[in-house]
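I have placed the structure first, in the form of structure tokens, so that the comments after it can refer back to it.
None of the values given here were measured: they were computed from a predicted structure. In what follows, every chain begins at residue 1, and chains take the letters A, B, ... in the order their sequences are listed.
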Amino acid sequence: MQYWLMKSEPDEFGIDDLKKCPRQTAHWDGCRNYQVRNMMRDQMKVGDLALFYHSNTKPPGVAGIMEIVKEGYPDHTAFDPEDSHYDPKSDPDKPRWFMVNVKFVEKFPRYIPLAELKQQSQLSDMKILQRGNRLSITPVSKKEWDHIVKMGRE
DNA sequence: GCCAACGTTGGC
DNA sequence: GCCAACGTTGGC
């Protein structure tokens, strides 16, 4: 079982939106980055847990936990010319982009701002804290996971 | 295969 | 709104 951190802009889709979805489940569509595509297609497994990270908001930070409930499958929004994530180079017969389904697990009683994560020496290796990191999904170690969950539940 | 130009991400 | 970092594109 693995742990992840998944970024989304709450103006587009935040943890409260996920909670309001039918069965509190949604597909994580729109990723157009190959490294992230590979993680969703090859590595993320049902039962894995992920931190829901709110990016491009004030302040950015970790809002809660979700669970992977469906493994990588073609991102159909790439086939739809009307969709903002449309990619004509992705063919339904040979899909270029993949997504997973996630289910709401928990919203932390306490939102953890990025600035606070940066203060934790135990978290200094986290991908999200490395400069220049732009991946929307990154793996999280068990140690980092436990530390962050503890902060969120304080 | 190189690399300049361009687009996007995302914190500040 | 700015801009650093990084990915992608496309001419050569």
Side-chain angles (χ1 to χ4, degrees), chain A residues 2-21 26-44 48-68 71-102 104-141 143-145 147-152 154:
Chain A
Q2 304 167 93
Y3 300 99
W4 307 92
L5 179 146
M6 301 170 78
K7 292 184 196 173
S8 181
E9 304 188 9
D11 287 347
E12 293 289 324
F13 187 79
I15 194 163
D16 293 327
D17 298 309
L18 178 60
K19 193 177 179 182
K20 278 184 241 156
C21 283
H27 52 258
W28 203 263
D29 63 283
C31 162
R32 300 293 179 263
N33 172 282
Y34 288 104
Q35 285 185 65
V36 176
R37 187 274 312 265
N38 292 346
M39 284 189 261
M40 289 202 283
R41 189 187 57 187
D42 307 329
Q43 292 179 247
M44 300 177 85
D48 285 0
L49 294 173
L51 298 167
F52 198 133
Y53 179 88
H54 283 179
S55 67
N56 244 320
T57 188
K58 290 183 181 178
V62 176
I65 298 174
M66 51 197 167
E67 179 184 357
I68 309 305
E71 285 164 23
Y73 64 107
D75 180 345
H76 57 76
T77 66
F79 310 141
D80 179 5
E82 303 295 310
D83 196 280
S84 59
H85 299 295
Y86 175 58
D87 182 356
K89 284 174 273 189
S90 187
D91 187 309
D93 292 330
K94 206 183 173 198
R96 176 176 294 206
W97 304 114
F98 286 73
M99 59 187 178
V100 297
N101 284 4
V102 294
F104 175 86
V105 172
E106 165 183 356
K107 181 177 178 178
F108 287 144
R110 201 176 70 79
Y111 182 77
I112 314 165
L114 176 62
E116 228 174 289
L117 297 176
K118 287 182 173 172
Q119 291 168 2
Q120 307 291 314
S121 59
Q122 298 94 326
L123 303 179
S124 58
D125 289 335
M126 280 189 78
K127 298 272 194 313
I128 191 88
L129 302 181
Q130 310 302 312
R131 75 191 268 243
N133 165 62
R134 291 164 53 205
L135 296 182
S136 60
I137 300 180
T138 48
V140 171
S141 75
K143 216 177 82 184
E144 291 160 351
W145 176 273
H147 191 79
I148 292 172
V149 169
K150 196 176 161 202
M151 290 173 76
E154 264 172 12

Backbone N or O of Leu135(A) within a donor-acceptor pair of the Asn133(A) side chain at under 3.5 Å? yes
Tell me, please, the opening and closing nucleotides of DNA chain B, 5' to 3', among those with an atom under 4.0 angstrom from a non-hydrogen atom of chain A. dG7(B) to dC12(B)
Residues two or more places apart in sequence or in another chain: which of them pass side-chain contact (heavy atoms from CB on, under 4.5 Å) with Lys89(A)? Asp87(A), Arg96(A)
Mind checking side-chain contact (heavy atoms from CB on, under 4.5 Å) for Glu12(A) and listing every partner two or more places apart, or none if nothing turns up? Glu9(A)
Sugar-phosphate only, base, or nothing, as touched by Lys58(A) at under 4.0 Å among non-hydrogen atoms: nothing
Nearest 0.5 angstrom please: Met99(A) CE to Tyr73(A) OH, how far? 3.5 Å
Please identify each residue that fulfils ring-ring contact (aromatic ring centres under 6.0 Å, His included) with Tyr34(A), with sequence neighbours left out. Trp97(A)
Applying ring-ring contact (aromatic ring centres under 6.0 Å, His included), name anything that partners Trp145(A), two or more places apart in sequence or on another chain. Tyr3(A)
Name every residue in residues 26-42 of chain A that has at least one heavy atom under 4.0 Å from any atom of DNA chain C, in order of residue number, or write none if there are no such residues. Tyr34(A), Gln35(A)
Is the gap between the ring centers of Trp4(A) and Phe52(A) under 6.0 Å? no
Measure the shortest side-chain to side-chain distance between Met151(A) and Val62(A) over non-hydrogen atoms and say whether it is less than 4.5 angstrom. no
